[in-house]
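Right, one structure below, let's go through it.
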Amino acid sequence: MALIRRDFFARSVHAVAPDLIGATFLFGGVGGRIVEVEAYHHTDPAAHSFGGRTERNAVMFGPPGFSYVYRSYGIHWCVNFVCEPEGSASAVLIRAIEPLEGLAKMRRRRGLDDDRLLCSGPGRVCQALGISRVHNGLPLDAPPFELHRRSRKAVEVAIGPRIGITKAVDQPWRYGLKGSRFLSKPFRA
DNA sequence: TATGAGATCAACT
DNA sequence: GTTGATCTCATAC
């Protein structure tokens with residue numbers, strides 16, 4: 001499997017996001033196949049970077065190919081991959097993966113046995129892989145991150161509106177692996 | 001199946 | 001003081 005390098009992310013978020021579906025995402029050797037992501041662009045009212053640079057979203061304004069980790073609802077952590085040329089402040093939110101590597105670790109961290117619920121949601125992904133604040137602003141092409149392109153085999157990518165936001169709710173910027181049972185929510189046909 | 005509350009924190013008004 | 005790019009558990013239908 002080919003390693004994903006930083007320049008992979010130096011494109012439009014809307015090109016990178018569907019390309020990540022089916023890719024392998026490991027963190028410290030734990031993880032699996034990406035089955036669901038959402039794209040956020042700085043011109044998008046739902047994006048953290050929309051209102052300009054702040055201390056929290058600073059890494060979104062940096063070069064592509066880095067991680068942006070933030071706390072959600074005071075409880076959860078969520079990971080993003082920064083995209084596009086530096087300064088465009090765009091990112092892809094990792095919403096769900098299909099757990100494949102380090103299952104025992106993930107089950108222990110999540111306190112769950114049900115593999116379907118291990119990583120089916122942005123907060124769950126971070127809990128299962130052990131990602132938190134400390135991992136904000138790290139390069140994605142160096143440990144503990146490990147990203148592989150999907151195999152040459154084509155995948156069917158489903159598209160739909162994003163989840164859990166109140167602005168720009170109609171933009172179809174959620175991408176998922178069609179028919180996967182590990183999605184945080186099914187896509188409407 | 002569906003809705004509702006609670007957990008808990010940092011950015012922003 | 002209010003509001004989330006959320007999840008879990010409880011209670012109601």
Scan for ring pair (Phe, Tyr, Trp, His ring centres under 6.0 Å) pairs involving residues 162-184 of chain A, sequence neighbours excluded, and state none if there are none.
A:His14-A:Trp173

Sequence neighbours excluded, which residues qualify as side-chain hydrogen bond (donor to acceptor under 3.5 Å, both in side chains) partners of A:Ser88?
A:Glu84, A:Ser90

Whole-Å gap separating P (C:dA5) and CG (A:Asn80):
11 Å

Tell me the closest heavy-atom pair linking A:Phe27 and A:Leu129, and the distance in Å.
CD2-O, 3.2 Å

How would you list, by chain and number, every residue that makes a side-chain hydrogen bond (donor to acceptor under 3.5 Å, both in side chains) with A:His76, sequence neighbours excluded?
none

So do the side chains of A:Val30 and A:Arg109 get within less than 4.5 Å of each other, counting heavy atoms only?
yes

Pull out every stem in DNA chain C, meaning runs of 3 or more consecutive Watson-Crick or G-U wobble pairs with both distances under 3.5 Å.
B:1-7 with C:6-12, B:9-12 with C:1-4

Considering only heavy atoms from C-beta outward, does the side chain of A:Ile4 approach that of A:Phe9 to under 4.5 Å?
yes

Kindly state each residue pair satisfying salt bridge (charged side-chain N to carboxylate O under 4.0 Å, His left out) with at least one member in residues 16-31 of chain A, sequence neighbours excluded.
A:Arg11-A:Asp19, A:Asp19-A:Arg150

Among residues two or more places apart or on two chains, list those pairs meeting salt bridge (charged side-chain N to carboxylate O under 4.0 Å, His left out) that have a residue in residues 131-147 of chain A.
A:Arg6-A:Asp141

Report the residues that fulfil salt bridge (charged side-chain N to carboxylate O under 4.0 Å, His left out) with A:Arg107, sequence neighbours left out, ordered by chain and then residue number.
A:Asp115

Identify whether A:Leu20 and A:Leu100 are in the same connected component of the hydrophobic contact network (ILVMFWY, side-chain heavy atoms under 4.5 Å).
no

Under 3.5 Å, which N/O atoms of the protein pair with N/O atoms of nucleotides 10-13 of chain B?
| residue | atom | partner | partner atom | Å |
| --- | --- | --- | --- | --- |
| B:dC12 | OP1 | A:Thr54 | OG1 | 3.4 |

Under 4.0 Å from any atom of DNA chain C, heavy atoms only: list the residues of residues 106-124 of chain A that qualify, in numerical order.
A:Arg110, A:Gly121, A:Pro122, A:Gly123, A:Arg124

So does A:Asp7 have more than 12 non-hydrogen atoms from other groups sitting under 6.0 Å from CG?
yes

Measure NZ/A:Lys185 against C1'/C:dC7 and give the value in whole Å, please.
13 Å

For atom OH of A:Tyr70 and atom P of B:dT8, their distance in whole Å
19 Å

Would A:Leu3 and A:Leu26 show up in the same hydrophobic cluster when neighbours are defined by side-chain heavy atoms closer than 4.5 Å?
no

List in chain and number order the residues that pass salt bridge (charged side-chain N to carboxylate O under 4.0 Å, His left out) with A:Lys185, two or more places apart in sequence or in another chain; answer none if no residue qualifies.
none

Looking at side-chain heavy atoms only, is the closest gap between A:Val69 and A:Trp77 below 4.5 Å?
yes

For C:dT8 versus B:dA10, give the span between their C1' atoms, rounded off to a whole number of Å.
22 Å

Any residue of residues 160-184 of chain A with a heavy atom less than 4.0 Å from an atom of DNA chain C:
A:Ile163, A:Gly164, A:Ile165, A:Thr166

Tell me if a side-chain donor or acceptor on A:Glu38 pairs with a main-chain N or O of A:Ile163 at a distance below 3.5 Å.
yes

Rounded to whole Å, how long is the line connecting atom CD of A:Glu36 with atom C1' of C:dA5?
11 Å

Distances under 3.5 Å between nitrogen or oxygen atoms of protein and nucleotides 5-7 of chain B:
none

